[in-house]
Structure formats: structure tokens, C-alpha cells
Number of protein chains: 2
Amino acid sequence: MTQRGNDSASGRRARGRTTLRQVAGRAGVSEITVSRVMRGSPLVAPALAGRVRRVAAELGYVPNRLAGTLAGHASTQIAVILPALSNIVFAEVLKGLETGLEARGYHPILGISNYDAEHEADLIRSLLGWQPAGLVIATAGLTPQSRAMLTDAALPIVEIMDSDIDPIDMSVGISHRGAGAAMARHLVARGYRDIAFIGHDLSRDHRARARFAGLRAGLGRAGRALAPARLRLCPSSVALGCDMTRQILARHRPQVICFANDDMAIGGVFACIGAGLAIPRDIAVTGFNRLDIGQAMPAPLTTIDTRRHEIGRLAARHLIARLEGDDPPSHSDVGFVVIPGATS
Amino acid sequence: MTQRGNDSASGRRARGRTTLRQVAGRAGVSEITVSRVMRGSPLVAPALAGRVRRVAAELGYVPNRLAGTLAGHASTQIAVILPALSNIVFAEVLKGLETGLEARGYHPILGISNYDAEHEADLIRSLLGWQPAGLVIATAGLTPQSRAMLTDAALPIVEIMDSDIDPIDMSVGISHRGAGAAMARHLVARGYRDIAFIGHDLSRDHRARARFAGLRAGLGRAGRALAPARLRLCPSSVALGCDMTRQILARHRPQVICFANDDMAIGGVFACIGAGLAIPRDIAVTGFNRLDIGQAMPAPLTTIDTRRHEIGRLAARHLIARLEGDDPPSHSDVGFVVIPGATS
DNA sequence: CTGTTAGCGCCTTCAC
DNA sequence: GTGAAGGCGCTAACAG
């Protein structure tokens, strides 16, 4: 007495949802025909297709993508792993990604690593379990284990944000070291000598660390020393930038303060204004990322545009290209842009 | 000559990935035993379980959640639909959500509606196809069709952000109308009379519209009229707030300018500073959301904290509670908080 | 053009 | 404790 079989129009539903079989039964055709109609196959007579579509709509049939993917081949889910979302930067990358994926019928499954490499490895494992068609990751520092899982998984992978890497498969980003160096050149060209650096916890954020290294090296090559960096072991924020700037200004006024990113720099600008300093007359300030707010300030922030929406867009595009059999470039540098602003 | 069957340790892999069968073959046990071990069933002898686990690890076996969900019952994917990500507000909600879900082994599948109700309906349809265990949505305005799909789907649903609704299943948010009214009371209490409003395209953002309505009604009840709103049909941004404020100031200086949100208000503050106005001495400014930047400004912004991380956290919690058979409240108002700031 | 058959990889139910 | 059979909902491959 198993209750399998053609319960057709009887109304029984697996897990409360209409199945292919029910639509087929009600329309008086076979399951495969319904399947073809739902996937827009041209192999079905238009009249029949119309009828099937009508029945499917009546029954509120929604194809089960789980079963479809298991039986067919390609999933349309894409695993996306980011280190954070508190910063608008990754939200914008994600926006670019989602737009690019959604437009082609793909859906992101999201994981946030919190800049924790171990957690990132767990995320990779669990998201791979969904058999995604591809994976996009802004790394928190791949563990050897993570790297092995990704290599073995044999699916298209785009490592985003940083182009100074040897990607497992593809990369889309900018050179963070190069961005630091570019900022150094900018400052050297303007003749600054007494240069300070304020940052957050760089031990977990390797891209910010690379920018810092690039900045220091760039200044060093030009014979300028960077004052010992002031770092605080917590996430970056406007308030932190403001607070640390006040501390520096309490004992000394450098010609320039470079901040790890725009959030911190905006806080720094507020602190300078609060201290009665005119920017850039009394002190110069630089950031990184080119947040809209920084550019809308009375004196637009000196910063570097990281073109993150473009990073998301391109990552989606290359991933899809690969999935469709094309051969996109394995390294894509979207190119950063130095924004002189009015604060240096 | 079909090549089905026990290819066991031979190394063939379905779709390039190790399967249960291979682990079973290599460990010399049946598939179901491996299945039990992987799911932590206590029905397997410890020694055997250990051996199976070792083999699974060696082979880099990652269970196929698609097959597992299809055969078993509950998916651990949660559909999440948001209207935007360009604004940090939704990124923070998403962060709260992801954290709450991930901690319990659930994963978000993301869709962005761009405040487009039709697109939202498409997203609902396609995400439901993945048979998610639940759905969290910050609505762009459910179409009747969307509403029908959600009702029929018979899965736990949390509508987030707004508590002034009659939820399909559960809601977590604040009263946007109430927030507007609260701001009105704040302004009335301070004796302001000449009050302007600057906003973005409210036709698509019904929550911003509700705040505006609440503000206007609140002022009306106190016998104060709101000057005709100035709206521009584009997304909100710092630059837009700045620009529109300049336009207003060019012809008239109201006592207060209320902005649709903090982004706009921050732009407004910049414009006021640029025009040489001291805040709040010459002009007052209010926003909405309590962005960190607004609070780090020399004069902290008058605004309303929408507790969005808490919204995400609670939404995840209630959804999971429902999935685990508990009975969470169907309405949760997390409560907004008026932040007086120093700009009014 | 339409249908039949045989699974996708796993889990439930029942035997052993 | 462990295993064998059958099926979740769908689709590829082949037959008609």
C-alpha cells in the first residue's frame, strides 16, 4: 500500500508543493513534456505548451531546483564569501555581483568570514556542499586546507579584490600594494615629508596591510620615512579615525596623516576640523576607497577609487563566461584611480 | 553496459566530486552507514564511525546537500530578499541575519529587488524554487501575486523593517510612521515652526514615505505645517542631500530641514557648513537611521536609531525558532530610538 | 513532437 | 548496530 504513483490531480503534494507529476497528470501529458515546457524547450508543440503552462500556473507550480540540479547538471547557485559587510565596500561589491548574476539567472549563496581564516574554511566546506556552479571569494587568507578544497572542487573560482595574487583559478581586483605606492608618489610629488599613518587592526586585513606596506616602501624609495604607524586592534570606523587623530594632534602636528581607509580618514577630517585646523592648509589627509561621503565633504577627500562595483560586475561576468564555455582572462586588474581631492 | 553501480574506490566521481558510495566502498561499509556517520547518528559503533570519518576525510568527501535535502526533508537554505545594498542600512541587516543563520547552520540565498515590486515577485518565485526552509524579506511592496506565492509556499516568513504591517507570517521591525511622528514631536518640543523636508524618490521607498507621512501628520496635529516637500526622483545619496540643500538655501533659510535619511542629512550638513551656517544655531538638521558617520561629525546628527542589526538578529532567531517547532511572536517591534544629537 | 527508462546522491523505512 | 530496497522530483538519453 505505498502511496506512490500517479496521484495526479488529486491534490496531494510532496512537502506541500505542487510537483511535475501533478501538473502532468492534470494536463494529460507525461512528466518530461512538462519539464520541457518549463525549461522553454522548442521541442513541444506550441498548443500543448500553452495548455501545460496554463495548468502549471493554475496549480501554482514552482519547479524544484534541487531536484532539477541533481538530475540535470549545472546548478545556478554561486557561493559568495566575503570577509565583512559592516563596511559599505563589500556591500557594493556584493551589489555588483548580485546584479551580474541575477541578470543571467544565477543566485548567490552568501557567507561572511569575519576576516577569520578558519571560519572561512568552514564556509567553503559548507557552501560547496550545495554544489554551486561557481564560487566568488574575497579571501580572509586561505588556509592550506581551504586552498585544497577549492582546488579539488574543480569549479570556476574568482578571487576578488586583490590582483597581487597567484589565483587558484581567476582573480579580479586591483593591486593594493600598488595603491599604497601610488599614494606615496602622490605625497612625494607634493613635497610632504612629515607623514603619519593611522590604521585599524591590520593583522586580520591583509589587503589593508599590503597598502600600508606599499605606502611605506614607496616613501622609502623616495627617501622619506613614514613615522611609526599608529594602529588600534579593532575594526576600522569613523569614530576610531577621529579618536586616534585627536591623540596624534595632542602631541604633534604632522604634515600629512594617511589613513587605512576612507572611513578612518573621514573621522580624521572631523577631528582636524574640531581642532581648528584648515585642510589642506594646516594638515593634509588621505584615505582609501573613495566613499561617496568623502567626496561630498566640503573638501573632497584625497583617496583612491577601488572601482568595487566594477570588481563585482566583472567577477560575475568572468564566472558566467567560464560556465558557458568561454575562456575569460585569469587575471583581471580593474585598475585603481588616485583621486587628488582637496585635502592634500 | 551502463556504468552504474559500485565503482567504489575506483576513483570515478559523479560530477567530479566524491560521493557517499565511494566512501562506503573504500571503508567497506554500506552507504547508509556513512550517511549516518556524516550526520552524527549515535546508531553507529564508535570504532566504525571513526574509520568512516577517516576515509571520508582522506577522500575529501563533502556531502551533497542537494541530494540530502531532496531525500530527507528540511533544507538549511534561507531565501533573503532585500530592496538594495547600496545603502549601508541593508548591509547591516544582512550582516545580522547572516550571523544569526550561520551560527545555526543555515545559509542565506540572496536576492536584491532594487525597490521593484515586479522584480521582487520574480525573485520570490526563483528563490522558492530552491525549496528554502524559510524566507526573510524587506518588501519593495508585495504584488498580489507575490503575496499569493508566499501564502501558498507554506514556509516560515519574516517580513522585516516595518512593524506597521499585517504580516503574512511574522514581522520584525519598527514603526516608520511612528518614527516620523516621533521626529515631529521632537521638533515641536523645541519650538520650531518653519520646517522643510528634503527627500529622494519616495514613490519606490514606501518605508521612507511612511516616515514622511508620520512627520507631516505629527506636525499637523501640533498645528505646524510642513513646507511642501522637495523630492528628487533618484536614489538617496550624500551628494543629493548636499545639492538639494544648496538649492533651498539659495532662496530661503528654514529653521529646520528634515531629510529622508542620514545620508541625505549628512550632505545637508555639509551644504550648511559650506554656506557658512552654524548648526544648530542658524539652522537645524535631522536625518534617519543613525549612521555612525552622522554621530562622529563635529555636531552629531539628530536622527532616529533603527536598530537594524537587531532586526537582522531577531529575524534569524524567530525564523529558526519556528523551524525548530517553537512559536515565536508574529509581531516584533524592536523599537526605534530618537537621538537628539546636536544639530537641532 | 512525445513518451519510456534509468538514474542524480542521499535518506526513510523496514529487515536482519 | 548494520544493511537492502525504494523513492525524493527532476532530467538525459533513447525510442517511437
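The shown structure was predicted, so the numbers you read here are calculated from the model rather than taken from an experiment. Proteins come first, then strands; the chains are lettered A, B, ... in the order of their sequence lines, and each starts at number 1.
Shown here are the salt bridge (charged side-chain N to carboxylate O under 4.0 Å, His left out) partners of A:Arg322, two or more places apart in sequence or in another chain: A:Asp169.
Atoms CG (A:Leu20) and P (D:dA12) sit 12 Å apart, rounded to a whole Å. If you measure from atom CE of A:Met38 to atom P of D:dT11, you get 9 Å, rounded to the nearest angstrom. Going from atom CG of A:Leu70 over to atom P of C:dC8 covers 9 Å, rounded to whole Å. Atom CG of B:Asn64 and atom C1' of C:dC8 are 9 Å apart (whole Å).
A donor atom on one side chain and an acceptor atom on the other are not found under 3.5 Å apart for A:Arg147 and A:Thr151. Donor-acceptor pairing under 3.5 Å is lacking for the side chains of B:His107 and B:Glu98.
Residue A:Ser35 places no side-chain N or O under 4.0 Å from the OP1 or OP2 atom of D:dC10. An OP1 or OP2 oxygen of D:dT11 is reached within less than 4.0 angstrom by no side-chain nitrogen or oxygen of A:Arg21. At C:dC10, none of the side-chain N or O atoms of B:Arg65 fall inside 4.0 Å of OP1 or OP2 (strictly under the cut-off).
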Protein-nucleotides 1-4 of chain C N/O pairs closer than 3.5 Å?
| residue | atom | partner | partner atom | Å |
| --- | --- | --- | --- | --- |
| C:dT2 | OP2 | A:Ala45 | N | 2.7 |
| C:dG3 | OP2 | A:Ser30 | N | 3.2 |
| C:dG3 | OP2 | A:Ser30 | OG | 3.1 |
| C:dG3 | OP2 | A:Thr33 | OG1 | 2.7 |
| C:dG3 | N7 | A:Arg36 | NH1 | 3.2 |
| C:dG3 | O6 | A:Arg36 | NH2 | 2.6 |

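Across the interface with DNA chain C, nearest-nucleotide mapping of B:Arg39 and B:Ala67 shows B:Ala67 to be the residue nearer the 5′ end.
Salt bridge status for A:Glu310 with A:Arg313: present, with a side-chain N to carboxylate O gap under 4.0 Å.
The side chain of B:Thr19 approaches C:dC10 more closely than any other nucleotide in the set D:dC8, C:dC8, C:dC10.
Legend: salt bridge (Lys or Arg N to Asp or Glu O under 4.0 Å) pairs involving residues 48-75 of chain A, not counting sequence neighbours, sorted by first then second residue: A:Arg26-A:Glu58.
Using a 4.5 Å heavy-atom threshold, the side chains of B:Met161 and B:Phe90 count as touching.
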